[in-house]
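Below is one structure; the comments refer to it alone.
Every chain is numbered from 1 and lettered A, B, ... according to where its sequence line falls, protein lines coming before strand lines. Everything quoted here is computed from the prediction, not taken from an experiment.
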Amino acid sequence: MSGESATLVLVLHAHLPFVRHPEHPAFLEETWLFEAITECYLPLLERLRRLVREGFDIPLAINLTPTLCEMLEDSLLQGRYRARLATLLQLAEREMERTRTQPHAYNAALHYYGQLSAAHTLYNETLGGDLIGSFRDLQPHGLEILASAATHPVLPLLSDPASQRAQIRIGVEGYTQRFGHPPRGFWLPECAFAPGLDTLLAEAGLTHFFLDAHGMLFARPRPRSGIFAPASTPSGVACFARDAESTRQVWSAGEGYPGDPVYREYYRDLGHDAEEAYIRPYLLTETGRHNVGFKYHRITGQIPLSEKAFYAPDAAFAKARAHAADFLHARAVQAERLRGVLPHAPVIVAPYDAELFGHWWYEGPAFLEEVLRLAASPGSPVRVRTPSAILDAWPERQVLEPSASSWGYNGYFETWLSGVNDWMYPDLHQAEATMQRLVKGYAEADDTRRAALDQLARELLLAQASDWAFILSTGTVPTYARGRIETHLARFREIAGMVEAGAVSPDRIDAIRAQDNLFPTLHADVFLP
Amino acid sequence: MTPFQTPTGFSAMVRNPHSLFLYWTVEGEGGGDRIGARGIDIRAVQTWMLRAVDHTDGTVQDIDVQLSWRNYYLHVQPDHVYDVRLGVRDAVGEFHAIARSESIPMPPADWASPDDDADGVDWERLLQIIGQPSPGASTCGAHAP
């Protein structure tokens, strides 16, 4: 690591809750996955693969959460995604016809047709639907894939270490099966840390994880390099801390790049703008409207949606490349300010939700590609490196005890623990205790009872997901979120009742498993205390 | 005698350095025997109460609660260690604990004192560059409509 003035660690956290509804022919919440595939994961893969073809390394770290991986691998959802993509491609063709006499709109319609055609080809023909395999194949070219907990719980809010350990172990085992080797790094869901978790990560063979800045800054003892170097926890697992400055530049809707007037306006969408008869065949619901991903306007400024100017894709993507150069320049300036203060070049850690790139910030994948391209150029003062590469070159680390923290609102746990969602914890914690009690006889249980206990574990894991508490906190789709927790806890109680009564119905277990089919190789004894 | 409800579970969760979420579960009725077995005359029970013991500075905080509330957000001090007890205050004002949390270390909300072994780090300059920690807001879940 000699020569450069700063090392940049780019971390993408790709996550969606497990949203799979075989009981309905179509289900609106499944579009969270479909939109993320089309707008984020495929464009990201396309650009990373292009860099590799051009001979670049891609020293990026990415976490694909287990629930996301389970959905990407699910044949039902793959089929539904293919159908959705085909429908949108039909809409793209009609849009080119409809906008043919409107040059500005036609320009964007052409762009969407090209984007959806590329997605169709990449997903169906090039990758054969195997996005996970495509990410796996990028590992030899520098991509570091991080593991994460099974269903993205806020680990400090689980009731005990046995529940936390189960979430971590399921995530690690799934990762090893998928990616062909045990993980080194781990993404703590919501960057939520509490002392003691590092011990569980060490038990699982993990070497590093990520904190929000104050998790490191408020550590005991004080971190000698602030947030600009990895440290070691008492258990020997290393931690990296998020840099607020580089975060703000990309993350903030107000002062960050994604708010530039030239970028695509997310909130104005053809699904709401078009005439009812025209758009209805392309919507997933029989009533009401939802986004379809065709957006013809740019952010323009702080003006009403109805007054937004037309979107010009070429100008927007050129701006993304310019912003990438500015981002790297800002890191070099940041490093210059730290010269003489730190005895080493700073390690600047910039983690982001992957879905920011492409879904919310449509031009974001182009920004990432350009950052990787520019940082690899000769003479760049900033180099991008993976966390594992940094640790390998940085064996002497300060030992400290990080502070409890998260990257949520106000930096702790109140997003997931407030008056709108605190009602769930007594039930969740009771279920965790029940799980540990019932699983004690797992080794001696017959196949029927084991299958019931395995499904019991799946229902508990699904109920533990942080997404439901988050959605209740933001108020976006609270009825759905509350329904998911209540459904999984109801199924949990039903199965627990059967197990306790010694009257397991294999048909009923099969029926529940057909609904909640994730983690097919799960064994419930992972919950043994 | 009217059946007397008692808590069957009591837990404390760290919400942030200044706040603990306490909850208790109440199942069924007729727990009066349990209290009776502890030597408390349930007919004399006046008030349910939380007692938070701060093991860092030795202070004690008493809060009257109603069992039906089922939970309570307790204001605490960062970087202090607490245990919290749920119990009853009898007619003569004596507290009887029914349930007790484990020892709860609260997170710090500020820097540690400078390390004597800091290898000459210019803390003032470093802190100036980093600025005050400003925990950010995640966009996680923002994919939801």
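Looking at A:Phe228, the atoms closer than 4.5 Å to chain B (heavy atoms on both sides) all sit in the side chain, from C-beta outward. Residue contact with chain B, scored on non-hydrogen atoms closer than 4.5 Å, is absent for A:Ala194. Using a 4.5 Å cut-off between heavy atoms, A:Leu342 contacts chain B through its side chain alone, with no backbone atom that close. With a 4.5 angstrom heavy-atom cutoff, A:Ser225 touches chain B only via backbone atoms.
The shortest side-chain heavy-atom distance between B:Arg70 and A:Trp423 does not fall under the 4.5 Å cut-off. At least one side-chain heavy atom of A:Leu217 sits less than 4.5 Å from a side-chain heavy atom of B:Ile130. Between A:Tyr412 and B:Pro17, some side-chain heavy-atom pair lies under the 4.5 Å cut-off.
The backbone N or O of A:Val341 lies less than 3.5 Å from no partner atom in the side chain of B:Arg125, so there is not a single donor-acceptor pair. At distances below 3.5 Å, at least one donor-acceptor pair connects side-chain atoms of B:Arg15 with backbone N or O atoms of A:Leu417.
Classification of the B:Tyr23-A:His429 ring pair by plane angle, with boundaries at 30° and 60°, yields tilted.
Note on A:Arg220 versus B:Asp79: salt bridge recorded, some NZ/NE/NH1/NH2 to OD/OE distance being below 4.0 Å.
Nearest heavy atom pair, residue B:Asn16 against residue A:Glu414, reads ND2-OE1, 2.9 Å. Nearest heavy-atom pair, B:Ala112 versus A:Pro221, reported as atom, atom and distance to 0.1 Å: CB-C, 4.3 Å. When all heavy atoms of A:Pro426 and B:Thr25 are compared, the pair lying nearest together is CB-CG2, 3.9 Å. Of all heavy-atom pairs spanning A:Phe218 and B:Trp111, the tightest one is CD2-N, 3.6 Å.
Heavy-atom neighbours of A:Arg337 CZ from other residues, nucleotides or ligands within 6.0 Å: above the threshold of 12.
In terms of non-hydrogen atom pairs under 4.5 Å with chain B, the most contact-rich of A:Thr31, A:Thr415, A:Leu338, A:Asn291 is A:Leu338.
Judged purely by distance below 3.5 Å, without hydrogens or angles, the side chains of B:Tyr73 and A:Asp422 pair a donor atom with an acceptor atom.
For the atom pair OG (B:Ser11) and CG (A:Asp160), the distance works out to 10.0 Å, reported to the nearest 0.5 Å.
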